[in-house]
2 protein chains.
Amino acid sequence: METKHVSSLRRFNRYFTRRIGALDDHYLGQDRPLAEARMLFEIGEAGGGGASLRELRTRLGLDAGYLSRMVKSLERQGLVRVGVHAEDSRVRVAELTSAGRAEFAEQNRRSDALAEGLLRGLSAEQRGQLTGALRAAQRLLRLAAIRVEVVDGDSADGRACLDAYAADIDARFPEGYDPATLVLPHEVSGDAGALLVAYEEGRPVACGALRTLEPGVGEIKHVWVHPEARRLGLARRLLDALEQRAAERGFDVVRLDTHASLTEAQAMYRACGYTEIPRYNDDVYASHFFEKQLAR
Amino acid sequence: METKHVSSLRRFNRYFTRRIGALDDHYLGQDRPLAEARMLFEIGEAGGGGASLRELRTRLGLDAGYLSRMVKSLERQGLVRVGVHAEDSRVRVAELTSAGRAEFAEQNRRSDALAEGLLRGLSAEQRGQLTGALRAAQRLLRLAAIRVEVVDGDSADGRACLDAYAADIDARFPEGYDPATLVLPHEVSGDAGALLVAYEEGRPVACGALRTLEPGVGEIKHVWVHPEARRLGLARRLLDALEQRAAERGFDVVRLDTHASLTEAQAMYRACGYTEIPRYNDDVYASHFFEKQLAR
DNA sequence: ATAGTTCTTTGACTTTAGTCAAAGAACTAT
DNA sequence: ATAGTTCTTTGACTAAAGTCAAAGAACTAT
């Protein structure tokens with residue numbers, strides 16, 4: 001890897017955290033410990049339903065005892081109200097009181113004012129450029145943080161993604177989608193195929209399946225990306241990973257089909273070296289068929 | 001200002017400080033308090049000559065007593081050696097011992113490894129895109145943080161910039177440059193003209209002068225940008241600010257001259273609406289002459 | 001020379017942040 | 001029903017971070 005990229009990232013990190021991050025923390029905190037301010041912010045961000053202590057603990061990476069005490073302190077200050085979770089009464093849920101919401105709004109106001117102050121020195125055009133550059137950087141940093149893993153055909157994360165996929169396209173296809181059509185666990189386990197799940201900060205955000213169509217021929221199914229992880233280039237990465245698995249398993253060629261309505265997907269397949277072929281199955285949802293020779 | 005830009009900056013800040021900044025801090029610290037690790041890093045960055053406690057204090061924003069104790073602790077650990085400043089014996093200067101340098105190198109190694117880990121998930125092309133986006137963002141953030149101020153004609157910062165300007169072009173012009181040619185304090189003070197200095201985090205990084213050439217005609221002189229603040233678009237901003245001052249002072253037109261060798265400057269003047277005119281003075285350093293009508 | 005500043009150190013604190021272990025209540029799987 | 005988990009609270013700490021004021025040595029300006 002070129003050292004240029006490493007040093008550029010480090011340089012940016014130093015500059016940004018010192019100039020913007022530290023400043024924002026300081027403004028956010030104001031007359032309250034930073035950890036408390038941060039927690040108030042997280043509870044506020046969670047919105048109406050409140051945030052469970054469990055969530056807060058993982059989100060902020062705090063010790064359970066420390067967090068418990070901090071919530072209690074916020075409660076004493078009248079900013080937070082704690083109740084039990086509707087479904088699991090071990091779990092406690094914190095939500096803002098009206099005083100807490102006022103404080104949260106004040107935090108936001110201060111943070112906005114800080115950001116505005118930073119942007120004030122730029123022309124409208126430069127602000128647009130900055131926003132564009134930050135968006136591009138964030139997209140790439142997110143993408144870099146996502147890990148694609150091979151999971152078992154009946155793994156909970158894998159099935160959850162497939163179910164989300166089914167629900168997603170059921171809403172999208174005029175004719176709906178029957179979840180019984182999904183690949184079966186044994187079709188994508190062991191030597192038969194593969195199920196890939198992409199994780200972002202521990203949460204599954206995308207999947208893709210590979211199964212055996214006939215000897216030497218693999219089929220790629222159910223490439224799906226969570227709505228909040230779209231436009232990162234993740235589908236392409238999953239496709240690459242699936243092709244690599246296919247090559248490792250000794251397939252010479254992979255095929256896939258797609259629904260007429262998914263035109264972006266079709267464009268992606270073409271861009272990734274797939275060529276359109278005649279119908280190879282009787283899938284009622286499929287209208288376009290593609291295939292790609294794998295380099296061995 | 002569009003709220004889009006504000007929220008985009010805030011979103012990026014949250015994502016970046018949490019994902020990258022916090023991680024880097026954690027790695028940097030390792031088995032040493034973060035504040036100590038940071039200080040070691042700052043002393044290391046300062047290089048051979050060491051860093052004065054005074055510098056460190058402002059750079060890290062720490063209380064004098066706190067810093068004093070921290071340096072002493074680093075000294076006890078054999079990582080830092082403290083001596084007195086050559087010119088001012090109130091000031092103490094900290095520099096790394098060889099053990100300190102080893103620790104500093106280790107910090108850098110860890111930080112590089114972290115950055116490399118982050119970049120590993122990206123293709124070479126995507127890494128290039130990320131580097132480009134970060135560079136653009138940093139450029140704009142720096143530019144946004146720079147404030148242009150009107151200073152008195154004999155202000156220390158102003159004269160320091162003008163001296164730097166003179167030294168700079170003395171090295172650049174084949175025939176050298178005589179500093180006696182610089183504008184005099186009274187020419188750029190009060191109603192006669194203006195001296196602008198641009199500050200980045202308290203340090204003067206650029207200047208520009210405006211003086212009266214004849215009634216209704218101003219002259220822009222000595223637009224200079226510190227080498228470390230170049231390519232940010234700062235010269236253009238100074239030029240804008242000088243023109244604004246000129247308009248406020250009632251000039252109808254501003255002129256300027258430039259040396260044949262400064263082709264980038266000439267291109268900038270043209271891009272900013274200046275048109276070339278015949279020689280209007282007998283300045284030996286000048287070969288191209290420009291003028292711009294000011295909107296009133 | 002002298003008054004006012006600047007730079008640093010020291011003493012005496014407080015607050016914030018965080019850790020670890022024990023224990024109880026509520027869930028889950030068998 | 002019961003054993004094992006999960007979620008949270010509490011007690012008992014420690015370490016890190018930071019503040020404030022006083023004081024001495026070294027500078028600067030008049």
Side-chain angles (χ1 to χ4, degrees), chain A residues 17-18 21-22 25-26 28-43 46 50-77 80-95 154 156 202, chain B residues 17-18 21-22 25-26 28-43 46 50-77 80-95 154 156 202:
Chain A
T17 46
R18 192 169 50 84
D25 275 357
H26 178 256
L28 190 67
Q30 214 78 322
D31 47 358
R32 167 178 319 287
L34 185 55
E36 247 181 56
R38 258 206 266 266
M39 194 145 96
L40 203 61
F41 185 81
E42 287 292 338
I43 298 172
S52 69
L53 300 200
R54 174 153 143 278
E55 257 178 285
L56 289 171
R57 185 149 37 79
T58 56
R59 191 106 54 87
L60 295 163
L62 299 176
D63 173 81
Y66 183 26
L67 183 125
S68 173
R69 262 181 271 261
M70 207 140 59
V71 170
K72 185 174 277 178
S73 151
L74 288 173
E75 209 176 3
R76 256 199 313 275
Q77 292 171 62
V80 153
R81 184 175 30 241
V82 183
V84 293
H85 193 273
E87 273 120 47
D88 183 341
S89 47
R90 286 170 305 183
V91 180
R92 305 240 290 148
V93 177
E95 60 178 326
D154 56 5
Chain B
T17 46
R18 191 169 50 85
D25 275 357
H26 177 254
L28 189 67
Q30 213 79 319
D31 47 357
R32 171 179 313 290
L34 184 55
E36 247 181 57
R38 256 205 268 266
M39 194 147 95
L40 203 61
F41 186 81
E42 286 293 337
I43 298 172
S52 69
L53 300 199
R54 173 152 145 281
E55 256 178 285
L56 289 171
R57 187 148 37 79
T58 56
R59 191 107 53 88
L60 295 163
L62 300 174
D63 173 81
Y66 183 26
L67 184 125
S68 173
R69 262 180 271 263
M70 207 141 58
V71 170
K72 186 173 276 177
S73 151
L74 288 173
E75 208 176 5
R76 257 199 313 276
Q77 293 170 63
V80 153
R81 184 176 27 244
V82 183
V84 294
H85 193 273
E87 273 121 47
D88 184 341
S89 45
R90 287 171 307 183
V91 180
R92 304 240 290 148
V93 177
E95 60 179 325
D154 56 5

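Quick note on labels: first sequence line is chain A, next is B, and so on, each numbered from 1. Computed from a predicted model, the values in this text were never measured in an experiment.
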Item to complete: With side chain to side chain contact (heavy atoms under 4.5 Å, CB included) as the test, would you mind laying out the steps for B/Val82 and B/Val93 before giving the verdict?
Response: CA-CA 6 Å; B/Val82 183; B/Val93 177; over 6 Å; no
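- B/Leu53 pairs in a side-chain contact (heavy atoms from CB on, under 4.5 Å) with only one of the listed residues (B/Leu62, B/Val71, B/Val91), which is B/Val71.
- Taking a pair to require two hydrogen-bonding distances under 3.5 Å in either a Watson-Crick or a G-U wobble arrangement, C/dT30 pairs with D/dA1.
- Look at A/Asp63 and A/Arg57 and you find no salt bridge, because none of the NZ, NE, NH1 or NH2 atoms lies under 4.0 Å from a carboxylate O.
- Non-hydrogen atoms lying under 4.0 Å from DNA chain C are contributed by B/Arg90, B/Val91, all within residues 82-91 of chain B.
- Across all strands shown, D/dA15 forms a Watson-Crick or G-U wobble pair, both distances under 3.5 Å, with C/dT16.
- Closest heavy-atom contact between A/Ser89 and A/Val84: O-CG1, 4.3 Å.
- In this structure, B/Leu56 places its CG atom 19 Å from P of C/dT6, rounding to the nearest Å.
- The backbone N or O of B/Ser73 sits less than 3.5 Å from a side-chain atom of B/Gln77, completing a donor-acceptor pair.
- Taking the side-chain hydrogen bond (donor to acceptor under 3.5 Å, both in side chains) definition, one finds that A/Ser52 meets it with A/Glu55, sequence neighbours left out.
- At a threshold of 4.0 angstrom between heavy atoms, the contacts of B/Ala35 are confined to the sugar-phosphate backbone, with no base atom among them.
- Using a 4.0 Å cut-off, no side-chain N or O of A/Arg54 falls inside it from OP1 or OP2 of D/dT6.
- Closest contact between the side chain of A/Asp63 and the listed nucleotides C/dT19, D/dT19, C/dT9 involves C/dT19.
- Rounded to whole Å, the distance from CE on A/Met70 to P on D/dT8 is 14 Å.
- Applying the 3.5 Å distance criterion, the base of C/dG18 shares no donor-acceptor pair with the side chain of A/Arg69.
- Following rounding to the nearest Å, A/Arg57 (CZ) and D/dC7 (P) show an atom-to-atom distance of 6 Å.
- If B/Tyr66 and A/Arg32 are placed on DNA chain C by their nearest nucleotide, the residue sitting closer to the 5' end is B/Tyr66.
- Using a 4.0 Å heavy-atom criterion, one finds that A/Leu34 contacts the sugar-phosphate atoms exclusively.
- To the nearest 0.5 Å, atom CZ of residue B/Arg32 and atom CZ of residue B/Arg38 are 14.0 Å apart.
- Atoms OG1 and CG, from B/Thr58 and B/Leu60 in turn, are 8.5 Å apart once rounded to the nearest 0.5 Å.
- If you take CG of B/Asp25 and P of C/dG18, they are 12 Å apart, rounded to a whole angstrom.
- Pair assignment for C/dA23 gives D/dT8, based on Watson-Crick or G-U wobble hydrogen-bonding distances that are each under 3.5 Å.
- Phosphate proximity of C/dT9 to B/Arg92: present, with a side-chain N or O under 4.0 Å from OP1 or OP2.
- A straight line from CD of B/Glu36 to P of D/dA15 spans 14 Å, rounded to a whole angstrom.
- For the pair B/Leu62 CG and D/dT19 P, the computed distance is 9 Å after rounding to whole Å.
- Look at CG on A/Asp31: it is 11 Å from P on C/dT16, rounded to the nearest Å.
- What separates CG of B/Leu60 from P of D/dA17 is a distance of 12 Å, to the nearest Å.
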